[in-house]
Amino acid sequence: MTDTKAQTTPVVPAGATQGGEILKDTNNNWMEACVWTERMVLALVNGVKGGRWYSLMDKVFAPATLEAAWEKVWANNGAAGVDRQSIERFEAQEEFYLKELSTALREGSYRPQPVRRVEIPKGNGRTRPLGIPTVTSNCTSTPSAFGFG
């Protein structure tokens with residue numbers, strides 16, 4: 001009995017690229033350019049010592065990252081979470097809140113608040129639950145979409 005898996009040649013798409021080649025693309029829609037420093041991109045291209053990242057948390061609490069996250073949260077114009085802090089209220093003291101958040105993340109004292117649960121109507125007359133995080137929680141989770149979280 002022969003192993004058919006060993007005899008078949010894997011199919012590789014014509015447009016396949018090596019891992020580092022995607023960084024050469026000028027349309028990096030999958031990552032937020034403002035949070036990627038030249039040193040970070042070089043580490044991705046060249047690799048890091050031992051081949052492992054040891055901490056990305058310092059990238060999350062960096063002021064530029066939190067500012068970029070806040071801009072995305074602000075643009076979404078979501079509802080207030082369990083703390084009832086609206087986008088407008090956060091915006092009024094944005095610098096203070098972002099600095100406070102950065103400090104809490106850096107010190108390891110940040111604890112996300114629970115999600116506010118509301119029922120929203122569906123098309124068939126029923127409702128479904130929807131979780132609404134706080135503005136601060138959104139600012140901490142948004143960096144994961146920036147391509148390094």
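Only this structure's heavy atoms are used, side chains among them; waters, hydrogens and symmetry mates stay out.
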*Supply the atom-to-atom distance Thr134 OG1 to Arg84 CZ, rounded to the nearest 0.5 angstrom.*
12.5 Å
*asked:* Once rounded to the nearest 0.5 Å, what's the spacing between atom CG of Asn138 and atom CH2 of Trp70?
replied: 10.0 Å
_Spacing of CD belonging to Glu88 relative to CG belonging to Asn77, to within rounding of 0.5 Å_ = 6.0 Å
*Just how far is it from atom CZ of Arg116 to atom CG of Leu130, taken to the nearest 0.5 Å?*
9.0 Å
*Look up atom CG in Leu105 and atom CD in Glu100, then write down how far apart they are to the nearest 0.5 Å.*
10.5 Å
*Least distance between heavy atoms, Gln113 atom then Ser137 atom*: N-OG, 4.0 Å
*asked:* Quick check: do Cys139 and Leu101 have side-chain heavy atoms less than 4.5 Å from each other?
replied: yes
*Just how far is it from atom NZ of Lys72 to atom OG of Ser141, taken to the nearest 0.5 Å?*
12.5 Å
*Compute the ring centroids of Trp74 and Phe90, then answer whether they are less than 6.0 Å apart.*
no
_Note, Thr140 side chain near Val60 side chain (heavy atom, < 4.5 Å)_ = no
_Closer than 3.5 angstrom, by distance alone: can the side chain of Arg111 be matched with the main-chain N or O of Gly108 as a donor-acceptor pair?_
yes
*Can any side-chain N or O of Thr103 pair as donor or acceptor with the backbone N or O of Lys99 at less than 3.5 Å?*
yes
*Do you know which two heavy atoms are closest between Thr136 and Gln85, and how far apart they sit?*
OG1-OE1, 4.1 Å
*How about Glu95: does its CD atom have over 12 heavy atoms from other parts shown lying under 6.0 Å from it?*
no
*Are the side chain of Ser102 and the backbone N or O of Phe61 linked by a donor-acceptor pair below 3.5 Å?*
yes
*Where is the tightest heavy-atom contact between Ile132 and Val115, given as atom of each residue plus distance?*
N-CG1, 3.0 Å
*Mark yes or no for whether Asn124, through its side chain, and Arg126, through its backbone, hold a donor-acceptor pair below 3.5 Å.*
yes
